[in-house]
Amino acid sequence: MKTSTARAVALAASVAVFVAGCGAGNDSAPVPTQHDKCVSIDTRLASVMTQIQAGHLKHVADILSHDLDEPSQRAVIALLLAFAKALPPGAAEKMPPALQDPRVAMLLPLMVKLLAELPGDPNATPVKLPRTAEMKAFSMMAQTCLSRELFVLLEDFMRDKRSPDVVSTVLVDVMNGGQQIRDALASSGASGKQGFLDLLHNSLTSIAAPDFDPLPLVQTMDGLTNPQAPTILDTLDTFLRIALLTADGKRHIVHSEAVSTFAGCMLANDPSMTVLGLAYDVLLADAVTATTLPGPTTDTNGALHTFLPIFAEMNDVLVNNDAARDAWTQILGLLLRPDIAVKALPEVIDLLNGDTVPSLLALVNDLLTHPCPTPGDP
């Protein structure tokens, strides 16, 4: 492959990786350029170029070059730049220490483990077949279920001062095999995977009803909690209150309607609950990894107090920009579509497991905060 063509493909592939591993550690406020410290784009893309020259990224690049029309390609690039520009001042200094937190460090391997289940593995013993039903359901939900109102809910949740501790507690339990979650399910009569799916199907059906009122659900959860011996149920109770109720404990109309619509969309696109079944297989059937995490599970002034406000700023792009939201759902839908995902996801996973993401984030940082001259410029 010619160098110029490979370089273009590297940029295209990098866009796909940025979407899959969304997150960054760059400061949005431009600073004076120091030309003697400038790093060339080719240097930043070296790890991607190596894989392209070996023919390892053909299908990732094809998504952007063939499956997206030209306006959609421009929309995706604009979306990524909007994400980067939305980063608050000071993010560059805050992100590196936060990335060392074991809760955060586990997120990428956790995502890789989830994605790795989808395309299957013909070289495994026994052979792992592609999970076509799950990919199809994932793709359809990505394209049809991610409403503006849902992103409003997500942004409000990330800005709530209670959310970092809620997310931290859930992550700690999931990282250690979800034993508390399994115990909580068992205590409610939901034993094993099928019990888990039946419970969630019934819950989603109730939530999807046109007259959905979250108050009875929250009150039921209240009755299961024990402040003297808190469990994952107490955390879920707090989560429901943040997501579905106002500060004074009343039904949050916008949030409740967004969740109700999303639940109905999930059931319509995945009536067999294959996606939630996949989540059970990956997160709850066995321990994800043997992980030693610091206690307590609270996150006061910790990594999630750093990350959630940053992600809230980035999420604001999806709330207020229809074109950005359409580009986001389109690229997710394509990446997860079975005929594409079986070939492209293994490439994405290889990239996420390597050093491409740090190189790409450094490139975005260069372009936005340290604009360097092209050859021939003074």
Side-chain angles (χ1 to χ4, degrees), residues 8 11-30 60-89 91-92 95 107 111 115 138-159 163 243 254-255 257-259 261-262 265-266 269 307-337 340-341 344 348 351-352 357 360-369 371:
L11 287 167
S14 295
V15 169
V17 176
F18 189 92
V19 170
C22 180
N26 310 301
D27 197 327
S28 61
V60 171
D62 282 348
I63 293 176
L64 291 169
S65 60
H66 300 306
D67 293 289
L68 289 176
D69 57 25
E70 188 172 336
S72 297
Q73 292 174 13
R74 289 197 297 268
V76 169
I77 298 298
L79 167 66
L80 298 177
L81 293 175
F83 276 155
K85 290 178 180 178
L87 293 172
M95 295 289 272
L107 288 177
M111 184 179 71
L115 291 176
F138 253 136
S139 179
M140 290 303 298
M141 285 191 285
Q143 294 177 74
T144 62
C145 298
L146 303 182
S147 66
R148 177 184 181 276
E149 292 73 21
L150 195 64
F151 287 114
V152 169
L153 185 159
L154 182 61
E155 182 166 345
D156 290 344
F157 176 83
M158 289 189 290
R159 294 189 188 281
S163 294
V254 173
H255 291 183
E257 291 180 350
V259 170
T261 301
F262 181 72
C265 189
M266 281 187 66
N269 285 290
F307 278 109
L308 291 185
I310 291 174
F311 289 153
E313 294 291 335
M314 296 172 69
N315 184 77
D316 192 60
V317 174
L318 301 173
V319 169
N320 295 307
N321 188 320
D322 292 343
R325 194 167 56 254
D326 289 344
W328 179 249
T329 57
Q330 186 177 8
I331 193 67
L332 281 179
L334 278 172
L335 187 62
L336 294 166
R337 204 176 73 191
I340 294 176
V348 171
L351 289 175
L352 292 175
V357 173
L360 174 59
L361 297 181
L363 172 59
V364 174
N365 183 63
D366 292 344
L367 295 175
L368 292 174
T369 68

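For reference, positions follow the sequence shown, starting with 1.
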Problem set entry | Non-hydrogen side-chain atoms of L335 and I340 separated by less than 4.5 Å | no
Exercise. Hey, is the main chain of F157 close enough, under 3.5 Å, to the side chain of S163 for a donor-acceptor pair?
Worked result: yes
For this session: Can you measure from CZ (R337) to CG (L332) and round to the nearest 0.5 angstrom?
Result: 13.5 Å
For this session: Would you indicate whether the side-chain heavy atoms of W328 and F83 approach each other to under 4.5 Å?
Result: yes
Seminar exercise, completed: Applying side-chain hydrogen bond (donor to acceptor under 3.5 Å, both in side chains) to E257 and not counting sequence neighbours gives none
Exercise. Can you list the residues that meet the side-chain hydrogen bond (donor to acceptor under 3.5 Å, both in side chains) rule with T329, with sequence neighbours excluded?
Worked result: none
Seminar exercise, completed: Interatomic distance, CZ@R325 vs CG@N320, rounded to 0.5 Å, equals 8.5 Å
Exercise. To the nearest 0.5 Å, what is the distance between CG (D326) and CG (N321)?
Worked result: 9.0 Å
Would you mind writing out the side-chain donor-acceptor pairs for residues 149-156 within the sub-3.5 Å range, not counting sequence neighbours?
residue	atom	partner	partner atom	Å
E155	OE2	R159	NE	3.3
E155	OE2	R159	NH2	3.1
D156	OD2	H255	NE2	2.8

For this session: Test L115 against F138 for side chain to side chain contact (heavy atoms under 4.5 Å, CB included), laying out the working first.
Result: CA-CA 11 Å; L115 291 176; F138 253 136; over 6 Å; no
Exercise. How far apart are the closest heavy atoms of C145 and M266, and which atoms are they?
Worked result: SG-N, 4.0 Å
For this session: Output the distance between atom CG (D316) and atom CE (M314), rounded to the nearest 0.5 Å.
Result: 11.5 Å
Seminar exercise, completed: The ring-ring contact (aromatic ring centres under 6.0 Å, His included) partners of F262 (sequence neighbours excluded) come to none
Exercise. Can you tell me how far SG of C265 sits from CE of M141, rounded to the nearest 0.5 angstrom?
Worked result: 8.0 Å
For this session: Nearest 0.5 Å please: distance from the CG atom of N269 over to the CE atom of M140.
Result: 5.0 Å
Seminar exercise, completed: By side-chain hydrogen bond (donor to acceptor under 3.5 Å, both in side chains), S147 pairs with (sequence neighbours left out) none
Problem set entry | Listed partners of R148 passing salt bridge (charged side-chain N to carboxylate O under 4.0 Å, His left out), at least two apart | none
Exercise. Shortest non-hydrogen contact from S139 to G333?
Worked result: OG-O, 2.6 Å
